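The structure appears right after this line, and notes come after that.
It should be emphasised that the depicted structure is a prediction, and the values quoted were computed from it without experimental measurement. Just so you know, ligand 1 is whichever comes first in the structure, and atom 1 is the first atom listed for that ligand.
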Amino acid sequence: MKILYKCVTILFFLTINICLAYSQDKGKLRLIMIGAHPDDCDMGAGGTAIIFAKMGYAVKFVSVTNGDAGHQTMKGAALAKRRFAEAQEAGKRFGVVYDVLNNHDGELLPNLDVRLQVIKKIREWDADVVIAPRPNDYHPDHRYTGVLVQDAAYMVAVPNVAPETPALKKNPVFLYFQDRFQKPSPFRPDIAIDISDVYAQKIHAMDAHESQMYEWLPWIGHYLEQVPANKQEREKWLAQKRFAEITPSVRLSLEKWYGKEKAATIKNAEAFEVCEYGAQPTDEEKKTLFPMLPK
Ligand SMILES: [Zn+2]
């Protein structure tokens with residue numbers, strides 16, 4: 001009898017939890033961020049992803065390549081396996097689902113095969129918002145990821161393209177991550193998000209990409225000797241290394257969304273540009289898309 005009572009109680013709370021999860025998720029927007037490598041979305045929008053995840057939103061990161069070229073001593077399947085495990089750990093720390101597509105790192109091309117992979121990912125996630133790099137960048141994989149996602153815009157709503165995955169009912173809003181490239185046009189921060197309160201958590205999640213943060217990027221950047229050996233020291237060092245000054249144009253965008261007084265106090269921010277090929281949100285709709293912005 002006691003066991004039966006316990007079972008009924010467990011079942012009751014389980015049902016409550018499922019109903020609660022459903023009602024929390026119901027009507028909430030779904031976001032997908034697409035980068036070239038397993039650590040790109042993390043740097044571009046990790047803080048914003050943490051805030052969304054804390055608010056109960058469904059966020060997915062996708063890496064279009066498996067990262068099997070990004071190391072000075074490892075390569076191929078062994079490196080891809082290590083980077084997949086790092087991405088899963090980072091995903092846990094961000095509170096997002098982390099997918100890695102099996103395309104070779106450093107060899108990405110904007111062909112039909114990969115475009116269809118990207119369309120499928122956006123449709124399966126039933127995304128309302130898609131964030132990706134602009135096609136202006138020093139790294140060809142980043143540039144082509146930008147092209148691939150632009151090529152997926154609109155097509156995600158065309159049922160006769162990739163018909164095995166049901167098309168979206170409407171074209172999502174497509175956004176670009178912030179970058180520093182000036183040609184052919186500089187990044188325009190249409191939306192800017194204050195991530196000061198979650199910056200430490202963003203760094204902690206990025207710390208999961210050990211092969212990149214403490215090995216490959218310092219090696220290719222010629223600062224390997226700066227990396228502390230101690231695990232705790234490393235994370236502190238990473239927070240300083242990855243600290244980015246807010247640019248004047250992003251500061252102006254913060255002023256628009258948060259007001260001048262609040263904007264002046266913001267230490268860390270992430271910004272996004274609206275892509276012309278997706279749905280075009282009004283300022284009011286941007287506040288709905290980014291509900292952490294003050295009303
Ligand atoms: Zn990258």
Student check: side-chain heavy atoms of V64 and Q117 closer than 4.5 Å | no
Quick check: does D40 put an N/O/S atom under 2.8 Å from the Zn ion (ligand 1)?
-> yes
Could you please spell out the steps behind the salt bridge (Lys or Arg N to Asp or Glu O under 4.0 Å) verdict for D128 and K170?
-> CA-CA 9 Å; D128 300 289; K170 55 181 178 32; 3.7 Å; yes
Give me the one residue out of K236, K241, R93 that meets salt bridge (Lys or Arg N to Asp or Glu O under 4.0 Å) with D207.
-> R93
Considering residues, nucleotides and ligands other than N111, do more than 12 of their heavy atoms fall under 6.0 Å from its CG?
-> yes
Name of the H142 atom (N/O/S only) found closest to the Zn ion (ligand 1) = NE2
For H37, what is the atom name of its N, O or S atom nearest to the Zn ion (ligand 1)?
-> ND1
